[in-house]
Every structure is written in C-alpha cells, then in structure tokens.
S.K.: 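Below are the structure tokens for one structure; questions will follow.
Naming: A, B, ... by sequence-line order, numbering from 1 per chain.
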Amino acid sequence: MTRSITGKELHDYLVQGFGAYLLDYEEQSIVIDPQGIQRVCEYLRSSSELEFSFLNSITAVDYVEYFEVVYHITSFSYNTKAVLKVRVYGRDEPTLPSVCSVWPGANFQEREIFDLMGLSFKGHPNLKRIMLWEGFPGHPLRRDFEDVVKY
Amino acid sequence: MAFKTEPMTINIGPQHPSTHGVFRLRVTFDGEVIVDVEPIFGYLHRGSEKLAEERNYVQILTLTDRLDYTASMTNNQAYCLAVEKLLGVSVPERGKYLRVMTAELQRVASHLIAVGFFLQDLGALATPLMYAFRVRESILDLFEMLCGARITVSYMRPGGVFAEPPEDFWPALRRFMEEAPGLIEELENLIMENEIVVVRTKGTGILGIESAIANSVSGPVLRGSGFAWDWRKADPYDIYDQVDFDVPVGNNGDNYDRFQVRIEEIKQSLKIVSQCIRQIPDGLIRAELPLVLRPPAWQESYGRVESPKGELGFYLVSDGSVAPYRCKIRSPSLINLHVLKELLVGWKLADMIVTLGSIDINLGEVDR
C-alpha cells in the first residue's frame, strides 16, 4: 500500500533548509512559496531519505482569488506519495518557476496548464499552446471564461 | 569529399492510418535519419475537463468512456474510485469483484488492439490483427451482455457497478475463458518468433529506466524498460490484494520488450479473471447512494488505476454542489509520448512508426 506523507511530516522534513518557503500545511498537502518550488522539488527528488523520483501529475485549480498548482509525487523506493501546492496570485500574468529541470515529464502538463489555465512557467523549454491553436482567445479552464461562440 | 545533405521536414498525420488516430508528427530528417521530432496534439480536443464542470457526478461517467475508447472500463474505474474517495463510501465485495473482472477483460481487449496494430505497423497486414480481434470481439460481446454497449460501456457507478450480470453471462464467460488461452497462444506462436518481427523490433527504440522514470512514463512502457512497477501491486485498489498475479518486465527496454510485456500481461489478466470467477461472493453490487451525489464542499481526491496504457488518474475538487469544481484527468498516453523524441532521434524513418506503435497511445486520451 502506498503510504501518503502528511503535510505535517513533509513540513518537518523541509523546515530546516527551506523554512522560508513553507507557507502552510494541510492534512495531506503542503503549501510552498512559488519562488521556492523548483528548489524544494529538486531537494525532494534528490534527497536519499525521500527520493520522490516520479511526478504523477501537475494540475492547476482556479479559486478566483488565486490559482493553485497541485503536484502529486511518488517515491518508488519507499512507496510513498505526497502532494505539494503552490498558490499564485493575480490574473493578468501569473507566473511560477517550471519544474521541467527536476522532472522532464512535467513538460506537456505545464504546457497544458499554460494553454488552458493561463499560467506561465519560467524556465520551461518550449512554452506554447498544446491543445488549442495559437491565437485562441482566453483560457477555457478559468472560471471567468466566456465562450466566444454563443449556442 | 564529404557528401552534404540538407535536412528535410516531413509532416505525418493528422490523417494517417499509422498514427493511431489524429496524431500529428513533424519530423526533420537528414537523409533517412531522424534529427528532430515535434508532436502536435489537439485535433481531438473536446474539453472533457471543462465539460465535467457542468455535469453531475454520475453524468461525467459517460465522458470518461470517451477518453481512451479502447479501455472504457478502466476509465470508469479510475473515476469511480476518485468519487468514492470524495464521498467516503465503500463498495460491496461483489461490486469490487465485478469491477476487477471487467477491468481485466478490458485490459486484454486493449492490449490485443495494441499488439494487433503494432504488427500492422510492421507491415504484417491484417492477418495478425484479425487473430487479435477474434478474441477482442468475444470480450466485447460479453460487455454487451453486461450493459448493452460494446465500447462506451458506462458499466461502473460510484459505489459499485450498474447492474447484476444476466443469467447467461456466466456460462458465456466460462466458455470464453476456456477458449481464450488457446487463441492467444496461437497468436503468440504466429508472431513471437517471426524473424521479421524480431529483427525489426529488437534493439530499436531503447528506453532506459532512469529516463523512463524522469519522464513520468508509466504502464507497459515503464515495465518494458525493466522496472517492475504496477499500481495494482504497489497500491492495490478494489480487490487486487486478494488475487495472485505477476508483473512481467522486459530486459532491454526496446520495442520487442514492450510488445512482449503486453503479451505476458494478457495472460496474467486472464489469470486474474479466472480467480475472480472462483472467488466472487454473493451480495450487493452497489452501495446505497442517493440518486444525485453531493460530496462535502472543498474536498479533493486523486483516484488512480493501472490502466492498460499506464497510470490513469482523476483529480477532483468538490464545491458542495452536484458538479465537481475541477476535474483533472492525468492521461498516461499524453505523458508517455514525452519520451518519443528521445526514442526516435538518431533512428531511421522505418523505425519511427514501429516505435510509435510500441508506446500504444490513444488519441481520445491524449487530447481529451
């Protein structure tokens, strides 16, 4: 059975080196400052105590007040899983660092978030629309998106 | 004097029979050697995630059928697991067994498509494909008995399955279980030792373990690289902890290994189905739930299964209403495609279609 690492446990692991980036923790997840997400992920992947070598999924949720980017990660060595969250404020040009340098598999999913949710990832090797065509107006998964065609 | 060539860019798809749907690939060649690959998606994008925000929790089930339309049962299962986690309900044992049984039959059907079209891509036109489809047709007939549909089944429901199998289902399933191993063996004898298959697939499209893990690859592609990771074993859902099966792995991570892993998995799946037939208890098939589901507000859940293509996950966020606030689909086909560039660069044109076939993508799931 895959054990989930609680937000508290993860907080205790990270508080030494990355205390400044840890904003909050919940039952199953930990909230990280956007500035530190790339460095925290790099540590989680490479530290021998955790070894989160596998990125399951990245997604973003539009809570209107802010965007929440959710990372599901897994450690094959210990059969554990964890959830990281990043909150990005602002609706015009929300930006956060890319984790493609940590897990190259993040590439397409970050492009998808850029396309459908309108979040930019700094340091992404090929950030452009993936599902929709260039020039599509708006980002459909945002809560305030209005369809251009009326039915 | 060195012979100078100009690189040439060729477009393959979206309307091309070997791209398994509407997949488009822009490939740059130097002579016959691939120097760059750019996959282009979105030709089948229907906005499933957006549509899910306007439907209630049971209606979304029909959207999940249309993701990977060769494996609707496992899509249903992943979605139902996510909703059950949100609601905090448990499924009756009989419902779990029916789910696992149908999901494993679906895995057989999906792997047979993968294997059949892989051989078709190799140039073995129609014959092996028909051997594979012979078995797949019987499975679809069984699904038709269960729920009236062959492809878009919508058989499972949050809390269990849709209906008790009809009387004549069980004899039909037993008959299938007697015939199937022989038919699979026949297919295996036809192709596994075939010289053309072996020469063209051994040593081509090699994917190392480190690269596979870093690129978030899952399913038979990951196991073909020699890493034995299967969510059915690692994080058993439904009743996978009560059945006995092996996780086949490859040695070299080449096209042949991925192909062989699928053939072996078909046998393991049939083994699981026969155990389910023996062990299935009597009782309820579905938990008592209201007609319209309303999970508590601002909960989230991640439901995951080992689908035939890899790790299929649904991330749901509820807002207290009848529809989810957010429904993210982690599709294995899309994420497995990220290694395509690494697998193809440096290889020749003829290996391209074979390698794409060995990843086994489904465009309904890539584009969603």
Side-chain angles (χ1 to χ4, degrees), chain A residues 1-4 26-29 45 51-64 67-68 70-77 79-81 83 85 100-109 111-113 115-117 126 128-134 136 139-143 145 147, chain B residues 38-47 49-53 209-218 222 227-229 231 233-237 241 298-302 304 311-317 319 324-332 334-339 341-342 366-368:
Chain A
M1 213 63 169
T2 307
R3 190 175 77 87
S4 43
E26 294 160 5
E27 174 79 36
Q28 294 294 335
S29 59
R45 187 185 65 88
E51 259 187 83
F52 282 109
S53 53
F54 190 78
L55 173 76
N56 297 84
S57 91
I58 306 183
T59 187
V61 187
D62 181 3
Y63 285 108
V64 183
F67 291 101
E68 192 167 79
V70 186
Y71 302 76
H72 287 85
I73 52 179
T74 298
S75 162
F76 286 153
S77 320
N79 200 359
T80 50
K81 61 183 175 186
V83 182
K85 289 180 174 177
C100 280
S101 55
V102 185
W103 298 290
N107 191 322
F108 286 166
Q109 295 185 78
R111 272 178 72 186
E112 200 183 324
I113 295 170
D115 185 357
L116 303 176
M117 205 59 110
N126 182 25
K128 57 181 186 185
R129 283 189 180 267
I130 183 166
M131 294 298 165
L132 303 170
W133 56 97
E134 295 298 329
F136 183 89
H139 305 285
L141 281 182
R142 285 193 178 188
R143 299 306 288 195
F145 176 76
D147 207 332
Chain B
E38 191 195 358
I40 299 163
F41 317 104
Y43 293 93
L44 202 60
H45 181 62
R46 295 149 295 178
E49 294 179 7
K50 186 75 181 172
L51 290 172
E53 290 173 8
I209 295 180
E210 284 80 23
S211 169
I213 293 174
N215 283 297
S216 298
V217 163
S218 55
L222 177 63
F227 191 76
W229 189 269
W231 288 111
K233 277 269 189 230
D235 190 11
Y237 48 92
D241 48 352
W298 310 117
Q299 300 286 311
E300 54 187 79
S301 71
Y302 185 69
R304 161 177 60 209
E311 177 192 340
L312 175 69
F314 280 80
Y315 174 71
L316 297 175
V317 179
D319 63 352
Y325 188 77
R326 176 87 171 89
C327 170
K328 145 89 183 177
I329 303 156
R330 188 255 191 232
S331 72
L334 174 70
I335 296 166
N336 286 358
L337 269 178
H338 191 239
V339 289
K341 185 170 178 178
E342 186 188 321
V366 171
D367 292 341
R368 282 160 290 147

S.K.: Taking every heavy-atom pair that is under 4.5 Å apart, which of B:Trp231, B:Tyr43, B:Tyr237 has the most such pairs with chain A?
M.R.: B:Trp231

S.K.: Distance check, rounded to the nearest 0.5 Å: A:Phe54 atom CZ versus B:Asn215 atom CG?
M.R.: 10.0 Å

S.K.: Sort A:Ser29 into side chain, backbone, both or neither according to what part of it lies under 4.5 angstrom from a heavy atom of chain B.
M.R.: neither

S.K.: Below 4.5 Å, heavy-atom pairs only: which of B:Arg368, B:Lys50, B:His338, B:Glu49 has the largest tally toward chain A?
M.R.: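 Most pairs with chain A among the choices: B:His338.
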
S.K.: List the residues meeting side-chain hydrogen bond (donor to acceptor under 3.5 Å, both in side chains) with A:Asp115, not counting sequence neighbours, and say none if there are none.
M.R.: A:Arg129

S.K.: Heavy-atom cut-off 4.5 Å, strictly under: side chain, backbone, both or neither for A:Val70 against chain B?
M.R.: side chain

S.K.: Relative to chain A, which segment of B:Leu44 carries a heavy atom at a distance below 4.5 Å: side chain, backbone, both, or neither?
M.R.: neither

S.K.: Is B:Phe41 close to chain A through its backbone or its side chain, or both, or neither, when contacts mean heavy atoms under 4.5 Å?
M.R.: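 Contact with chain A involves both backbone and side-chain atoms of B:Phe41.
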
S.K.: Is B:Val366 close to chain A through its backbone or its side chain, or both, or neither, when contacts mean heavy atoms under 4.5 Å?
M.R.: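 The backbone, not the side chain.
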
S.K.: Under 4.5 Å, counting heavy-atom pairs only, tell me which of A:Leu132, A:Asn79, A:Ile130, A:Asn56 racks up the most with chain B.
M.R.: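 Most heavy-atom pairs under 4.5 Å with chain B: A:Asn56.
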
S.K.: Would you say the side-chain atoms of B:Asn336 pair up with the backbone N or O of B:Ser218, donor to acceptor, closer than 3.5 Å?
M.R.: yes

S.K.: Can we say A:Arg143 and B:Glu53 salt-bridge, meaning some charged N sits less than 4.0 Å from an Asp/Glu carboxylate O?
M.R.: yes

S.K.: Taking A:Ala60's backbone N and O only, do any of them form a donor-acceptor pair with B:Arg326's side chain (distance below 3.5 Å, no angle check)?
M.R.: yes

S.K.: Pick one of side chain, backbone, both or neither for B:Tyr325, based on which atoms fall under 4.5 Å of a heavy atom in chain A.
M.R.: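 Backbone plus side chain of B:Tyr325, per the 4.5 Å heavy-atom cut-off to chain A.
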
S.K.: Among B:Ser216, B:Gly313, B:Pro236, who wins on heavy-atom pairs under 4.5 Å with chain A?
M.R.: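 Looking at each option in turn, the highest pair count goes to B:Ser216.
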
S.K.: Quick one: what part of A:Leu116 sits under 4.5 Å from any heavy atom of chain B, side chain, backbone, both or neither?
M.R.: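 Interface part for A:Leu116: side chain.
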
S.K.: Could you list the residues that satisfy salt bridge (Lys or Arg N to Asp or Glu O under 4.0 Å) with B:Glu342, not counting sequence neighbours?
M.R.: none

S.K.: Could you tell me how the ring of A:Phe145 sits relative to the ring of A:Phe136: parallel (under 30°), tilted (30 to 60°) or perpendicular (over 60°)?
M.R.: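 Because their plane-to-plane angle is under 30°, the rings of A:Phe145 and A:Phe136 count as parallel.
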
S.K.: Between A:Arg3, A:Lys81, A:Arg45, A:Glu112, which residue shows the highest count of heavy-atom pairs closer than 4.5 Å to chain B?
M.R.: A:Glu112

S.K.: So, does A:Arg142 use its side chain to make a donor-acceptor pair with the main chain of A:Met117 at under 3.5 Å?
M.R.: yes

